[in-house]
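Per chain, numbering begins at 1; letters A, B, ... match sequence-line order. Keep in mind the model is a prediction, meaning the values are calculated, not measured.
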2 protein chains.
Amino acid sequence: MTSIILTPSSDLPLPRKPAIAREDLIIAALKLIGPHRSLSTVSLREVTREAGISPNSFYRQFRDMDELAIALIDLAGRSLRTIIGQARERATSTDRSVIRVSVETFMEQLRADDKLLHVLLREGAVGSDAFKQAVERELSYFEDELRVDLIRLAAAERARLHEPALVSKAITRLVFAMGAVAMDQPPERDPELIEQISQMLRMIITGARVLDTSPS
Amino acid sequence: MTSIILTPSSDLPLPRKPAIAREDLIIAALKLIGPHRSLSTVSLREVTREAGISPNSFYRQFRDMDELAIALIDLAGRSLRTIIGQARERATSTDRSVIRVSVETFMEQLRADDKLLHVLLREGAVGSDAFKQAVERELSYFEDELRVDLIRLAAAERARLHEPALVSKAITRLVFAMGAVAMDQPPERDPELIEQISQMLRMIITGARVLDTSPS
DNA sequence: CAGCAGAATGCACAACTGTATACACAGGTG
DNA sequence: CACCTGTGTATACAGTTGTGCATTCTGCTG
């Protein structure tokens, strides 16, 4: 279980040279957000306090909190995509349902203590334009990868799929929306939620297949 | 086009007796939120400034901003439900698609200048527990009404529906999620979005019907 | 060793927040 | 008339915020 952060090389407090890096601030920001805190309500001073540096040192790494937020969103998106990608490979190598495994992995990440998914789930609604565009960008990446996977999946089963772009968009948005509500519920209900989400996705996919054979 | 607010009776400045009411504060709060502002970033002082009263007078109406937010969420939920309910009746009286008309009405409300829908779309992600529970409650009301309507619709077409509760939940969450992204896009793209959402819902519903005839 | 460039800090400031206390005024009662 | 109760305001206070300016410290280079 390695860290998600890109270069976790030296976390021992080097005497002076780097001392503080962008990653440290990102980690500090992650520690501050939670079920009740969104990034846009976290202050610059709080982050530096958490990171143990002076407020002014923040400006050596980011212009303002928005820039940090965007870096954090990018990180969260990259992390999630690789994790889900691995889950898809794992599912196809075994014979388990891709949908099921992906949803399970998603929920697992939801409960992971790195809180990276929280960023994508919460920060899409509020904040500056650049802020929301960053979230939207990550979601669209997610959509793209899902779309090619759906096409591949349909081809493997010798079925066709109606409007795969629309299907992947619907699935992505629905999963993220359901994830947002799951985050506010006790983890005991996760299996139930996983079952619900899986069924929803199955509805969408079978519906898309049917609509393809008999277009309106 | 009457106002949504409950008792818009007298807005001329009465000499002393009522002078300021809860509604005035709610209206002031609505004026302050927008694409970039969420309720949780609006301060108590801002609301009173917008309403033209002293900060302390706020406490005569609400204990704190959270209480105002909850009142606002309730108002938004009630308003949306009645509007969508009317749209459903309008659709069944004519012979237009219920899905289509409902989605169109939803997007129309999204662009309405009362900004009531914004509250439900944005404030579900952040804020206190009571805050999010209020949004969740309104969404579940919405789900309930949609569920009975789906059952009625299926019965009218002599079809059965697999897990109507799940279908209505999926539709509700998907529509609200898509509405949130639509809000950040120029209104010119609304027709395109309406088409997309309608197709998504059609996928879900036909998928649910197919899954009912051949349960896994 | 001297010196220098960069990194990090301390202090300060104005703006803003929520709210407590004290006060001003209106309208209804005796 | 006096009096009280409810409504609104003014002032104040302690806390937090983002950020500019000056200073200190560190490790590398000569």
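Using a 4.0 Å cut-off, no side-chain N or O of R49(B) falls inside it from OP1 or OP2 of dG18(C). Here S43(A) reaches the OP1 or OP2 of dT17(D): one of its side-chain N or O atoms lies under 4.0 Å away. Under 4.0 angstrom from either OP1 or OP2 of dT9(C) there lies at least one side-chain N or O belonging to S57(A).
Between the P atom of dT17(D) and the CD atom of E50(A) lies a distance of 13 Å, rounded to the nearest Å. The nearest whole Å value for the distance from the CG atom in D66(A) to the P atom in dT19(D) is 10 Å. Straight-line distance from the CD atom of Q61(B) to the P atom of dG18(C): 17 Å, rounded to whole Å. For L32(B) and dC16(C), the CG to C1' distance is 15 Å, given to the nearest whole Å. Atom CE in M65(A) sits about 15 Å away from atom C1' in dT19(D), given to the nearest Å. Taking atom CD of residue E67(B) and atom P of nucleotide dG18(C), one finds them 15 Å apart after rounding to whole Å. Atom P of nucleotide dT17(D) and atom CG of D64(A) are separated by 16 Å, given to the nearest angstrom. Rounding to whole angstrom units, CZ of residue F58(B) and C1' of dT9(D) are separated by 17 Å.
Comparing R63(B) and G52(A) by the nucleotide of DNA chain C whose heavy atom lies nearest to each, the residue mapping closer to the 5' end is G52(A).
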Between N or O atoms, less than 3.5 Å apart, protein on one side and nucleotides 11-15 of chain D on the other: list the pairs.
none

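Looking at heavy atoms from C-beta onward, H36(A) lies out of side-chain contact with T41(A) at the 4.5 angstrom threshold.
With dT19(C), dT9(D), dG18(D) as the candidates, the nucleotide lying closest to the side chain of L44(A) is dG18(D). Comparing dT9(D), dT9(C), dG18(C) against the side chain of I53(B) picks out dT9(D) as the nearest. For E46(B), counting side-chain heavy atoms from C-beta on, the closest listed nucleotide (dT17(C), dT17(D), dT19(C)) is dT17(C).
Between the side chain of R147(B) and the backbone N or O of A165(B), no donor-acceptor pair lies under 3.5 Å.
Taking CD1 from I73(A) and CG from D66(A), the interatomic distance works out to 9.0 Å, rounded to the nearest 0.5 Å.
Partner T105(A) forms a side chain to side chain contact (heavy atoms under 4.5 Å, CB included) with one of Q86(A), R90(A), R88(A), R100(A) and no other, that one being R90(A).
Scored by the salt bridge (charged side-chain N to carboxylate O under 4.0 Å, His left out) test, R49(A) finds no partners at all (sequence neighbours excluded).
A salt bridge does not link E188(B) with R111(B): every distance from a Lys NZ or Arg NE/NH1/NH2 to an Asp or Glu carboxylate oxygen is 4.0 Å or more.
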- Message: Go through it in stages, so that I can follow the logic: the residues are L75(A) and E23(A), the test is side chain to side chain contact (heavy atoms under 4.5 Å, CB included), and I'd like the CA-CA distance, side-chain angles, deciding distance and then a yes or no.
- Response: CA-CA 10 Å; L75(A) 175 64; E23(A) 310 157 9; over 6 Å; no
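For R60(B) against dG6(D), a side-chain-to-base donor-acceptor contact under 3.5 Å is absent.
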